[in-house]
Amino acid sequence: MRVRVPDTIDPGHAVQSNVRGFDPPTANGGLVDLKKLLTLIVVALALFFVFTRPQTAGNLVTNGLGLLRDGAEQVVAFITSIV
């Protein structure tokens, strides 16, 4: 005797597949939050960089703040030239 396969699947019994691949579950049953994971990795790398090369990290921060200051000065110069 052959069992007939239904033409439609009951949504309550359907199996959902993940097309992108395997996403590991978190403790609360959801998926790992990619933004939190990337933030944690960036912070860990920054701390590692600060502890292993503090002088270079300090110079990098100083240069970054200098670039921001120069950019702000350029924006102010542009707006004052318009007005």
Side-chain angles (χ1 to χ4, degrees):
M1 178 174 183
R2 293 180 61 173
V3 178
R4 184 173 182 274
V5 178
D7 294 335
T8 60
I9 297 176
D10 179 23
H13 294 92
V15 176
Q16 294 180 352
S17 65
N18 187 351
V19 176
R20 294 178 295 156
F22 176 74
D23 288 329
T26 59
N28 63 0
L31 298 177
V32 174
D33 189 7
L34 184 62
K35 184 177 178 183
K36 287 182 183 178
L37 181 64
L38 290 177
T39 302
L40 180 64
I41 291 172
V42 168
V43 168
L45 286 174
L47 287 175
F48 176 77
F49 188 63
V50 166
F51 285 120
T52 58
R53 297 182 178 200
Q55 186 66 38
T56 306
N59 290 339
L60 186 64
V61 170
T62 302
N63 291 340
L65 292 176
L67 287 173
L68 290 175
R69 186 190 71 229
D70 292 342
E73 288 174 356
Q74 294 298 324
V75 169
V76 169
F78 173 73
I79 293 176
T80 54
S81 69
I82 292 175
V83 177

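The first residue in the sequence is number 1, and the count goes up from there. Note: hydrogens, waters and symmetry copies are ignored here, and every other heavy atom, side chains too, is used.
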* Once you round to the nearest 0.5 Å, how far does CG of Leu60 lie from OG1 of Thr56? -> 8.5 Å
* **Qualifying residues under side chain to side chain contact (heavy atoms under 4.5 Å, CB included), relative to Ala57, sequence neighbours excluded** => Phe49, Val50
* Only pairs at least two apart or in different chains count here, so list each salt bridge (charged side-chain N to carboxylate O under 4.0 Å, His left out) that has a residue in residues 70-83. => Arg69-Glu73
* Structure fact -> Residues joined to Val76 in its hydrophobic cluster, side chain to side chain under 4.5 Å directly or through other members, sorted by chain and number, are none
* Partner residues of Val42 under the side chain to side chain contact (heavy atoms under 4.5 Å, CB included) criterion, sequence neighbours left out -> none
* Asked: Can you find a pair of side-chain heavy atoms, one from Val75 and one from Ile79, that are under 4.5 Å apart?
  -> yes
* side chain to side chain contact (heavy atoms under 4.5 Å, CB included) against Ile41, all qualifying residues, sequence neighbours excluded -> Leu37, Leu45
* Structure fact -> By side chain to side chain contact (heavy atoms under 4.5 Å, CB included), Leu65 pairs with (sequence neighbours left out) Val61, Leu68
